[in-house]
Colleague: 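Questions regarding the structure given below will be posed in turn.
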Amino acid sequence: MQKQIGKVKLDDTFYTGSDFYTDGSIEDDLLDSVKEGRQDEVLAAGSQWPVLYHLSDIRENLLEWYPFSRDASVLEIGSGCGALTGLLSRKVKEVTCIELSEKRSMINAYRNRECGNVKIIIGNFQNIEPALKEQYDYITLIGVWEYAGLYVDGENPYLEMLEIAKKHLKKDGKIIIAIENKMGIKYWNGAPEDHTNLFYEGLNDYINSKTVRTFSKQEMEKLLKDASVSQYTFYYPMPDYKLPEVIYTDSFLPDPGKERNYGKEYDSCRIYNFNDAIVSDQICADHMFTYFANSFLVVTGDEERIKFGKYNRCRKEEFRIKTELFDQNGCTCIKKAALTGRAKEHVLHLKENERKWKGSLPNLRYVEGYLENDGYITPYIRGTDLETLFYEYRNRADLFTEKFRYYVGTYLKADEETLIPFAVSDEFRKVFGDRYPSNQKSLKYTNVDLTFSNLKLTPDNELYSFDYEWVFDFLIPYEFVIWYSANQLYEKYRAYLKNRISKEEFLTEVGITKENIPIYENMDWKFGRYVSGKNRENNYLFNYRKNAVIQNIKFT
């Protein structure tokens, strides 16, 4: 039977009358919230994993960057509550969803009711598939392939699922797969398997499970080969494909010090066996990240489209942007672009911020960018960012401190003639609050985010500043900028340093006035609130994360 919710068409011809896959009664609450248009309110106030998983727009980070053909058709197998359906409908001409659950299909239809290019077929894929007459440009298996043993009969349902999907692809069509890596580092470190909730189940090759399975990268590659898929690209969403913050590729993988996203759990307890930060640094240093990444995103029949992507969605709407690294006209470029209409002004200001900041520190080099199609593009500087460089000094507090002083003194020292006595202003109070130090000096324009991750050292020892997002034209104590860089760097390597030198000792040894440290901490707290719209420790992600119980912390 055909029916319609808003502009979305639903077909329940193949529906058996029962929802065998469900998160329970909470789906009734989700349905009510999307009917009434309250999903953002429910998400912000909630603390249960199904609410976060089904409603958060962080889900869209997985494919927001992908350059779908505008006139294309997509078959979304296992569309769930529509977390990606709306995104797909904005990017392509036609979206056909297949979903086993009527309740989830209703949630999808109501939340995307204005999407006139969406059709939802309710029922088991195996029953619906023979009736599919159309061929598609893209077929998505997002969190679906691992369940092939439940709804595809056969000796190897995972291989057969790929072969069935291939039958419904147009020539040069692509299958898009997102799935957990059974060898993901979070499972080694005591996170329960996502589907069975059993500890170490994937690592033990699912000896207790018969109907669900994820794969290592090598196992996936073999299945793709067995399905006669010769061309494919792996992407590595972190912390996983469900709530990705960054997307890595084989041509741009994290260096030591970069990846700290292994430890987030929202739906269950976990057992920590080791320090995530230290082990992940070693994995990156040993070039083993692709084996231990928590999730995979695979696109068949495709070449790498970006090298790296990063999303800042947990901010005020006017500051939500994405950063992409890609090749263009023979050069590697970085592009910052808005994720919301209100954030476009923030991106357009980046060129003006560059103009203001350029030349503020005489020994620093400055990347020059340009505006194009509402994005700000700069060349990618080849070299090593200072944050990664400090991995070498992680076990030597004396060298760590000495090298920090060296780079600040050599490259970040302000010319005394350009410094102005700091005076508080209304603009300062709006961003940094009412607490501020006395007897400090400021630059005319200040780049607050002068962290070592935003400073690139070239082979000829030139240091480049390349991020101008937080350049302000009111007076800010320059000592705060150095504190901010030192504090960020110490926190990144805290696991190594904390038993060798305290943070306060490090900060004072690199020249921060001891009495000003709590003032700068408060300024940082206020700045975070200015960017995110609320205390960073009380944003809605924290409300969900705090429900996950941590057990048996075995490291110090």
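Values below: all heavy atoms of this structure, side chains included; hydrogens, waters and symmetry mates excluded.
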Colleague: Do the ring planes of F319 and Y530 sit parallel (below 30°), tilted (30 to 60°) or perpendicular (above 60°)?
Modeller: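 It falls in the tilted class, 30° to 60°.
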Colleague: Fit a plane to each ring of F432 and F474, take the angle between them on a 0 to 90° scale, and name the class: parallel (under 30°), tilted (30 to 60°) or perpendicular (over 60°).
Modeller: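 Ring orientation, 0 to 90° scale: perpendicular.
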Colleague: To the nearest 0.5 Å, what is the distance between CG (N61) and CZ (R59)?
Modeller: 10.5 Å
Colleague: Just how far is it from atom CD of E392 to atom OG1 of T384, taken to the nearest 0.5 Å?
Modeller: 8.5 Å
Colleague: Would you say that K526 contacts R435 through its side chain, given a criterion of any heavy-atom pair below 4.5 Å between the two side chains?
Modeller: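 No, their side chains stay 4.5 Å or more apart.
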Colleague: Please check if the distance between the ring centroids of Y478 and F422 is under 6.0 Å.
Modeller: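 That pair fails the under 6.0 Å test.
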Colleague: Taking the inter-plane angle between the rings of W65 and Y235 on a 0 to 90° scale, is it parallel (under 30°), tilted (30 to 60°) or perpendicular (over 60°)?
Modeller: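 Aromatic pair W65/Y235 classed tilted.
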Colleague: Of all residues at least two apart in sequence or in a different chain, which pass the side chain to side chain donor-acceptor pair (under 3.5 Å) check with R113?
Modeller: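 So R113 forms no side chain to side chain donor-acceptor pair (under 3.5 Å) with any residue.
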Colleague: Excluding sequence neighbours, so at least two apart, what forms salt bridge (charged side-chain N to carboxylate O under 4.0 Å, His left out) with E515?
Modeller: none
Colleague: Between F404 and F452, does the ring centre distance come in under 6.0 Å?
Modeller: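 Between F452 and F404, which both carry aromatic rings, the centre distance is below 6.0 Å.
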Colleague: Side chains of K503 and N487: any donor to acceptor distance under 3.5 Å?
Modeller: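 Looking only at side-chain atoms, K503 and N487 do form a donor-acceptor pair, the distance falling under 3.5 Å.
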Colleague: Could you check whether any side-chain heavy atom of I176 comes within less than 4.5 Å of a side-chain heavy atom of L63, counting everything from C-beta outward?
Modeller: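 A side-chain contact exists here, since the closest heavy-atom pair is under 4.5 Å.
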Colleague: Verify whether one side chain among H54 and Q39 offers a donor that lies under 3.5 Å from an acceptor in the other.
Modeller: no
Colleague: Mind telling me whether Y493 and Y496 have parallel, tilted or perpendicular rings, with 30° and 60° as the class edges?
Modeller: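 Ring orientation of Y496 relative to Y493: tilted.
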Colleague: Is the shortest side-chain heavy-atom distance between H349 and Y376 below 4.5 Å?
Modeller: no
Colleague: Describe, in one word, how the ring planes of F472 and W470 are oriented to each other, choosing from parallel (under 30°), tilted (30 to 60°) and perpendicular (over 60°).
Modeller: parallel
Colleague: Cation over ring, R394 on F400, under 6.0 Å and within 45°?
Modeller: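 Judged by the rule (NZ or CZ under 6.0 Å from the ring centre, within 45° of its axis), R394 is not positioned above F400.
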Colleague: Answer yes or no for R270 and Y272: cation-pi contact, defined as NZ/CZ to six-membered ring centre under 6.0 Å and angle to ring axis within 45°.
Modeller: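 Ring-cation test returns yes.
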Colleague: Any luck finding a side-chain donor-acceptor pair between E479 and Y520 under 3.5 Å?
Modeller: yes
